[in-house]
Participant: 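There's a structure below that I have some questions on.
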Amino acid sequence: MLYGAAILPLTYLLSLVFNGPALGFVCYFFLNVVLGMLGAQVVESLLSPTVETTAVADAMDAVLQFHPLYCLVTSVRYLNQIGLHRQRCFQMCDFYKIVYDEFVCDIRALCEIDEGCCLPKKPNLTWALPGVLRYLTVMFITGILLWILLMVIEYGLLKQLFVREKKLPPIDKNTIDEDVAAEANHTHKVYKSSLHDQALLALKLSKYYGKYLAVNQISFCVNDGECFGLLGVNGAGKTTTFKMLMGDESISSGEAFVSGYSVRNKLHKVHENIGYCPQFDALFMELTGRETLRVFALMRGLRMQYLEPITESFASALGFRRHLDKKVGQYSGGTRRKLNTAVAFLGKTRLIFVDEPTTGVDPAAKRHVWRAVRGVQRAGRGVVLTSHSMEECEALCSRLTIMVNGRFQCLGTPQHLKNKFSEGFTLTIKLKTDENNKPGLDPAARVKDFVNLNFKDPKIMEEYQGLLTYYLPDRTIAWSRMFGIMERAKQELEIEDYTIAQTTLEQIFLQFTKYQGHEQEPKIGEKQSEPIQKPADTSQKLPDFTKREPNLPKTRDTT
Ligand SMILES: Nc1ncnc2c1ncn2[C@@H]1O[C@H](COP(=O)(O)OP(=O)(O)OP(=O)(O)O)[C@@H](O)[C@H]1O
């Protein structure tokens, strides 16, 4: 332990000095050899005839035996001593002409001349010194013990045996959205009946980091050919969920199954069934894109003859074919993301995890990635996606959920969420330029009067260079009626163009995620009847989302 404590920081420092773990490892190796040899040297030097030094040497020898390189060096040294000793004895045999047989001297005769020559026939395999049997035995036992230790650490066996599952805080039923609750019930039923039918099943999955509950009892299923989106602000628990499902992080409580195999017990089977595009690029910088794809394809078990066509087709699909023969280290951030995504898609895994695949990717290239994701979906493979782009989630996700403080706040198709959490409409009116205006009243004032007269409680959010943006809180008004009113306005007033848009996914996202990191959470039960922070009257503050920059909502329809 002391040895480890001393050498590891030293190795770490060396790896920093030499700027890389590879050189650090080389240094570690040589340090081990040097220390092993040094230990052996010290022990040998202490083996002088005085009683005290011999006792110290014996004690050191007993302790250092657990250092494999000490054993190795000492064994080699003793074997060398035995060899030299024998040689000397043979020379004596020759000298005194007492050769007994072809190889071995007559020991008895030799012993009369030199007591030191009375070695057993195979002195190197005796327990007593100078035999090395004890060192070999200790090395063998240490090897097995260290291997067991490695396995225990690798598979977290100690945790499984001794760490008891932490008690999870009870969840207030009123705070659970009905869709989230329905998904949890459905997941529970599937868990009982048809586990293998689902590409992914997570049941009451939770993760504690110390006392901090990063993921809190989430349950959901992902079918084949489905793209399930995890949305949430930074720190909501998306990556932690991914890591648990991948087996990278231990599960504090709950269960997860990929293709019916438990993430807790059948991790190798789980890994056979998943592809993963991590949030931070996990690529070899020294390889080219082509080599990277070949290496990972081979790891996935693809045959040699398919490597080239697959490499080419993935690179074309994701739009980095012309960079295939460049080193990954020279790739731009966006191209690396594309390569990472291609690596995740390799093989015929049933499920693919993609963590923010288009971060840093330009808008045109994003379309390539999206097409590729849709392609794998069409091939019947499940996809779990995290993204900060609402546009991406709307484009790709069959269903999505918004995570806040490690819990799902809502779940469903993007359109379902928009319908359910819609908080009215946004009306944007572009006025005609001055030269086209009819003489008389200020055109903006006439439009404002018209809107105030024809819509219930309209609130002007922004007025800027002939562009009026209104928030219309009345959710009951029909689309046809709104367009009818605005068509009339367009004919009667100086309106060049207008848009009417429903609440965007981004606005819903903002409504939920403003609770991230706060103790209080949105009461979903209340939300059904009344939108979050819905203003009571026109003089009250508008919901936060209406105060956005003039980042206008997507056009639902225009003139
Ligand atoms: N190894 C760790 N030890 C302690 N806390 C951690 C650890 N990893 C994550 N956390 C905490 O858990 C919470 C969830 O983190 P996570 O990385 O899952 O968030 P995320 O939703 O993926 O965020 P992002 O969008 O930034 O990737 C955060 O508060 C984070 O600080």
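Atoms within a ligand are numbered from 1 in the order they appear, just like the ligands themselves.
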Participant: Counting only nitrogen or oxygen atoms and a 3.5 angstrom limit, does Ala214 reach ligand 1?
Facilitator: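 Such a contact does not occur with ligand 1.
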
Participant: Between the side chains of Glu178 and Lys420, is the shortest nitrogen-to-carboxylate-oxygen separation below 4.0 Å, so that they form an ion pair?
Facilitator: yes

Participant: Would you kindly say whether Arg294 and Thr311 are connected by a side-chain donor-acceptor distance under 3.5 Å?
Facilitator: no

Participant: So is Lys238 polar-close to ligand 1, meaning N/O to N/O under 3.5 Å?
Facilitator: yes

Participant: Could you see which bit of Tyr212 sits under 4.0 Å from ligand 1, with heavy atoms only: side chain, backbone, both or neither?
Facilitator: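 The answer is the side chain of Tyr212.
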
Participant: Mark up the atoms of ligand 1 that fall under 4.0 Å of a heavy atom belonging to Glu356, in ascending order.
Facilitator: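 Reading through ligand 1 atom by atom, the close ones are 25 (O), 27 (O).
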
Participant: Of all the heavy atoms in Val233, does at least one lie under 4.0 Å from an atom in ligand 1?
Facilitator: yes

Participant: With no hydrogens and no angle check, just 3.5 Å: does a side-chain donor-acceptor pair link His323 and Lys326?
Facilitator: yes

Participant: Taking the non-hydrogen atoms of Met403, is any one of them nearer than 4.0 angstrom to ligand 1?
Facilitator: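 Met403: no contact with ligand 1 (<4.0 Å).
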
Participant: Taking the six-membered ring for Trp, are Phe314 and Phe345 parallel (under 30°), tilted (30 to 60°) or perpendicular (over 60°)?
Facilitator: tilted

Participant: Are more than 12 heavy atoms from other residues, nucleotides or ligands located less than 6.0 Å from atom CZ of Arg322?
Facilitator: no

Participant: If the cut-off is 4.0 Å to any non-hydrogen atom of His388, which atoms of ligand 1 fall inside it?
Facilitator: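 Counting from 1, the qualifying ligand atoms are 25 (O).
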
Participant: Indicate, with yes or no, if the rings of Phe425 and Tyr471 have centres closer together than 6.0 Å.
Facilitator: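 Ring centroids of Phe425 and Tyr471 are no less than 6.0 Å from each other.
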
Participant: From the options Lys366, His388, Glu392, select the one residue that forms a side-chain hydrogen bond (donor to acceptor under 3.5 Å, both in side chains) with Thr358.
Facilitator: Glu392

Participant: So, does Asp362 use its side chain to make a donor-acceptor pair with the main chain of Ala365 at under 3.5 Å?
Facilitator: yes

Participant: Short N/O distance, under 3.5 Å, between Gly232 and ligand 1?
Facilitator: no

Participant: What are the atoms of ligand 1, with element, lying closer than 4.0 Å to any heavy atom of Asn234?
Facilitator: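 What qualifies from ligand 1 is 23 (O), 24 (P), 25 (O), 26 (O).
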
Participant: On a heavy-atom basis, I'd like to know which of Tyr208, Tyr209, Phe280 is closest to atom 2 (C) of ligand 1.
Facilitator: Tyr209

Participant: With a cut-off of 4.0 Å, which atoms of ligand 1 are near a heavy atom of Thr240?
Facilitator: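 Once the distances to Thr240 are compared, the set is 14 (C), 15 (O), 16 (P), 18 (O).
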
Participant: Gly237 near ligand 1, heavy-atom distance under 4.0 Å?
Facilitator: yes

